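Read the structure below first, then the notes.
The figures here come from the full heavy-atom set of this structure, side chains too, leaving out hydrogens, waters and symmetry mates. Every value quoted in this text rests on a predicted model; they were computed, and no experiment measured them.
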Amino acid sequence: MVNRQMTADRETTLPLDDLTALRDHLLEQRLFREAQLQQLARATAPGCDAGLDRRTASHREVHIKLADAARMVLADVEAALTRMDQGTYGACHLCRRPIDPARLAIVPQARYCARCQHVREAGL
């Protein structure tokens with residue numbers, strides 16, 4: 001495992017212990033999301049539609065939306081693990097500056113620093 005990542009114009013250093021803890025957290029998230037997707041797939045499996053009433057149809061729609069969200073988070077987790085393997089983890093995708101380690105501790109799959117995330121959400 002690498003504890004130094006290179007960015008376009010800066011070097012980002014995360015202590016090896018922090019990087020290991022973040023990887024472990026991402027791996028736990030991956031397992032959780034995979035299990036969640038399996039559970040949601042069972043709940044929305046074909047054949048469960050027989051005699052759907054409005055309430056059951058609403059529950060099925062909620063399960064489908066939850067599965068979509070879980071797939072998106074899983075994709076973000078997988079991308080973060082790939083960045084770790086490639087040595088680019090911890091650098092913002094927009095400005096290439098280091099992402100604050102406190103932000104990574106909260107959202108280890110973060111692709112953007114807080115400033116760039118705010119800009120993206122504001123549509124600026």
Side-chain angles (χ1 to χ4, degrees):
M1 206 173 310
V2 177
N3 70 336
R4 288 185 165 257
Q5 295 97 24
M6 296 298 292
T7 63
D9 56 8
R10 297 175 185 240
E11 190 174 279
T12 304
T13 305
L14 285 170
L16 185 57
D17 291 346
D18 290 352
L19 195 58
T20 300
L22 289 166
R23 179 180 290 277
D24 290 346
H25 185 74
L26 287 165
L27 291 171
E28 286 175 17
Q29 278 193 47
R30 178 169 55 184
L31 290 174
F32 172 78
R33 295 301 174 181
E34 289 171 343
Q36 182 184 32
L37 285 168
Q38 289 174 356
Q39 182 180 18
L40 289 167
R42 284 191 298 274
T44 59
C48 295
D49 312 59
L52 281 182
D53 59 14
R54 279 191 186 144
R55 184 174 168 184
T56 305
S58 293
H59 284 216
R60 186 166 191 258
E61 186 176 335
V62 167
H63 286 145
I64 290 169
K65 293 205 181 283
L66 286 171
D68 288 344
R71 276 191 286 283
M72 286 178 24
V73 172
L74 181 58
D76 287 345
V77 167
E78 293 289 350
L81 288 167
T82 298
R83 289 193 303 278
M84 281 184 171
D85 293 341
Q86 294 172 344
T88 59
Y89 182 80
C92 177
H93 279 219
L94 290 178
C95 70
R96 299 293 179 211
R97 291 188 178 122
I99 299 171
D100 184 352
R103 176 169 167 73
L104 291 173
I106 296 167
V107 185
Q109 68 271 22
R111 295 173 190 248
Y112 307 102
C113 66
R115 184 178 87 42
C116 290
Q117 182 68 41
H118 176 72
V119 168
R120 284 181 46 84
E121 289 173 358
L124 303 174

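- Between Ala67 and Leu37, the closest heavy-atom pair is O-CD2, 3.4 Å.
- Between Arg23 and Asp85 there is a salt bridge, since at least one side-chain N of the basic residue sits less than 4.0 Å from a carboxylate O of the acidic one.
- Taking CG of Leu66 as the start and CD of Glu61 as the end, the distance is 11.0 Å to the nearest 0.5 Å.
- Between the OG1 atom in Thr20 and the NE2 atom in His25 there is a gap of 14.5 Å [rounded to 0.5 Å].
- With values rounded to the nearest 0.5 angstrom, Gln36 atom CD is found 9.5 Å from Leu74 atom CG.
- Between Pro101 and Leu14 there is a side-chain heavy-atom pair separated by less than 4.5 Å.
- Two residues are said to be in side-chain contact when any heavy atoms from C-beta on lie closer than 4.5 Å; Thr82 and Thr88 fail this criterion.
- The side-chain contact (heavy atoms from CB on, under 4.5 Å) test with Leu26 singles out one residue from Val77, Leu31, Asp76, and that residue is Val77.
- The backbone N or O of Ala91 sits nowhere less than 3.5 Å from a side-chain atom of Tyr112 that would complete a donor-acceptor pair.
- Counting only heavy atoms from C-beta outward, the side chains of Gln117 and Arg103 approach each other to under 4.5 Å.
- Taking 4.0 Å as the cut-off between side-chain N and carboxylate O, Asp68 and Lys65 do not count as a salt-bridged pair.
- The CZ atom of Arg33 lies 10.0 Å from the CG atom of Leu40; values are rounded to the nearest 0.5 Å.
- Two residues are said to be in side-chain contact when any heavy atoms from C-beta on lie closer than 4.5 Å; Pro108 and Gln29 meet this criterion.
- Glu34 CD: more than 12 foreign heavy atoms inside a 6.0 Å radius.
- Hydrophobic clustering, with ILVMFWY side chains joined whenever heavy atoms are under 4.5 angstrom apart, groups Val73 together with Leu27.
- Summarising the geometry of Ile99 relative to Ala110, their closest heavy-atom pair is CD1-O, 3.6 Å, with the distance given to 0.1 Å.
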Exercise for review: Give the intermediate values and the outcome of side-chain contact (heavy atoms from CB on, under 4.5 Å) for residues Asp18 and Leu104.
Suggested key: CA-CA 10 Å; Asp18 290 352; Leu104 291 173; over 6 Å; no
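- To the nearest 0.5 Å, the span separating CZ on Arg96 from SG on Cys116 amounts to 10.0 Å.
- Formation of a donor-acceptor pair under 3.5 Å by the Arg83 side chain with backbone atoms of Gln109 is found in this model.
- Rounding to the nearest 0.5 angstrom, the gap separating the OH atom in Tyr89 from the CE atom in Met84 is 4.0 Å.
- Not one N or O on the side chain of Arg115 forms a donor-acceptor pair closer than 3.5 Å with the backbone of Cys95.
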